[in-house]
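All ligand and atom numbering here is 1-based and tracks the order in the structure.
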Amino acid sequence: PVQVKKICCIGAGYVGGPTCAVIALKCPHIQVTIVDLNKARVDAWNSPDFAVPIYEPGLVDVVKQCRGRNLFFSTDVDKAILEADLIFVSVNTPTKKSGVGAGFAADLNYVESATRRIAAVATSSKIVVEKSTVPCRTAESMRTILEANSRPGTRFDILSNPEFLAEGTAIADLFKPDRVLIGSLQTTEGKEACRALADVYANWVPQERILTVGLWSSELSKLAANAMLAQRISSINALSAICEATGANIDEVSHAVGFDSRIGPKFLRASVGFGGSCFQKDILNLVYLSESLHLPQVAAYWRQVVEMNEYQKSRFSKTVVDTLFNTITGKHIAVLGFAFKADTGDTRESAAISLIRDFLSERAFVTIYDPQVSEEQIWQDLSEACPTTPLETIKKQVTIVHSALEACTQKEAIIIATEWKEFLEIDWQTVYANMNRFQGEGHWAWRARVKTVLRHSLSSDIDLNFNIGH
Ligand code: NAI
């Protein structure tokens, strides 16, 4: 029976980095090497002061315990492939920007080139594990590539082992996963490979949480889980539009609905919409898959989850404009939070980007504060979001600052776009005192204005019922 002694992980990103660092921590007898073509990223993982390239609570602690012991980061992809018994493919799979399926299908270029590299380099048998989120039956094409290129005497077993961690809680999720899912071919060799990977996880995950299924079920389960999670958010957001039109309170509705044990309270918070690199991409993937399978009704059903999300973002921008007397031209808006959610520096598909783009197109001035996102990242995201506007023009309208209070000073509106905990502790009394008031506007009007804006943000916990003297 195969026993895994050396693991290689291709892709040192949000998934490959934390996942394999935790494997190294929990399996001191296994040598784990995480490789990436991006030298800057690898250098950051290796930096002497542990300035790792992604912000994730608890991650640095794990890396500190294992790096140099049985955890290594390298750009030498071939060497790591050669030495490993088991290889995770954890590269990015973004939505295709052009060609067949553009805008929907996953771009499998990175998965394919990593797979071809394995085929070209390997001189001994390997278990190849698809960790990236991929459309159904990608393992099949990986197998075709590997088998067509393998040398005599070497065999490749392909497993699907999708990752369910959530950014911001990745380390906690990896320590105590709800489940680990492993898909394999139901052949003797397939099952044997599956057992070898299950044994790795069994070092810290209880046996009953390690689920083994067929390859295609495993691939589809990842898309299904993300689609269902995103669907809850779009459902509650759709209800928030009804609440705003009727005067019902979405927090009360959500609370009441979530008390139903069949529904449950999680993922039922109305917000400005979901972001992140996965939900939209994976649903679009499912839409594409449904269409390729000639299931147009199924495709339309899932597509609506993404459309509702787009609607929620634009509805929010519109509310801001409406609340500020139907124009924001020349007005000053603070945006607190730029990451797509709290406890991460990741900005991919962040709702904040869409909002700011809308505000800029209305020629408002925007001041941004986020505790984790770098200025460089913000400029890059805004340039990409406004491709026809030169960066110098954007910079005339946007200021980036280093504290929430600084961002809120002399503004006409404050938007909380990310639910960072520190925003709960903002001293609203001070903010209020330092805000721009419209002539003749009393504090009740102001408070209604701020509340309208907050109502749509994720931060319904924020208490604005402080006492403001006249
Ligand atoms: P990422 O973009 O942070 O990391 C991918 C890394 O792979 C990059 O650093 C890139 O340089 C490297 N890479 C690409 N091609 C390579 C090659 N041929 N050889 C060596 N390195 C290569 O992406 P992230 O967020 O880690 O996602 C990876 C996969 O995991 C995606 O399929 C995603 O859908 C999935 N996933 C992501 C989750 C998340 O929360 N970010 C959660 C669960 C799954």
With a cut-off of 4.0 Å, which atoms of ligand 1 are near a heavy atom of Ile10?
19 (N), 20 (C), 21 (N)
Could you identify the single nearest non-hydrogen protein atom to atom 25 (O) of ligand 1 and state the distance to 0.1 Å?
Arg348 NH2, 2.8 Å
Thr93, any N or O under 3.5 Å of ligand 1 N or O:
yes
Give a yes or no on whether His29 atom NE2 has more than 12 heavy-atom contacts from other residues, nucleotides or ligands under 6.0 Å away.
yes
If you have a sec, work out which protein heavy atom is nearest atom 21 (N) of ligand 1 and how many Å separate them, to one decimal?
Leu37 N, 3.5 Å
Do Arg67's NZ or CZ and the ring of Phe73 fall within the cation-pi criteria of under 6.0 Å and 45°?
no
Quick one: look up the protein heavy atom nearest atom 11 (O) of ligand 1 and list residue, atom name and how far away it is.
Asp36 OD1, 2.6 Å
Ligand-residue contact atoms, ligand 1 with Ser113, heavy atoms, under 4.0 Å
18 (N)
Counting each atom of ligand 1 from 1 as listed, which ones have a heavy atom of Lys222 under 4.0 Å away?
43 (C)
For atom CZ of Phe164, is the number of surrounding heavy atoms from other residues, nucleotides or ligands below 6.0 Å larger than 12?
yes
Of the side chain and backbone of Glu56, name the one, both, or neither that has a heavy atom under 4.0 Å from an atom of ligand 1.
neither
Per-atom filter on ligand 1: closer than 4.0 angstrom to a heavy atom of Ser90 are 5 (C), 28 (C)
Among protein heavy atoms, which lies nearest atom 27 (O) of ligand 1, and at what distance?
Val15 CG2, 4.0 Å
With heavy atoms and a 4.0 Å threshold, my read on which part of Pro162 contacts ligand 1 is neither
Heavy-atom contacts under 4.0 Å between Ser277 and ligand 1: side chain, backbone, both, or neither?
side chain
Between Arg117 and ligand 1, which part of the residue brings a heavy atom under 4.0 Å of the ligand: side chain, backbone, both or neither?
neither
Any idea how Phe279 and Phe267 line up, ring-wise: parallel (<30°), tilted (30 to 60°), or perpendicular (>60°)?
tilted
Residue and atom name of the nearest protein heavy atom (relative to atom 40 (O) of ligand 1), distance in Å to one decimal:
Glu167 OE2, 3.1 Å
Atom 7 (O) of ligand 1: nearest protein contact (heavy atom, Å):
Gly11 CA, 3.4 Å
Where ligand 1 meets Tyr110 - atom numbers and elements under 4.0 angstrom, heavy-atom basis:
14 (C), 15 (N)
Could you find the nearest protein heavy atom to atom 22 (C) of ligand 1 and give me its residue, atom name and distance?
Val91 CG1, 3.7 Å
Just let me know how Asn92 lines up against ligand 1, side chain, backbone, both or neither, with a heavy-atom cut-off below 4.0 Å.
both
Shortest protein contact, atom 1 (P) of ligand 1 (heavy atom only)
Arg41 NH1, 3.6 Å
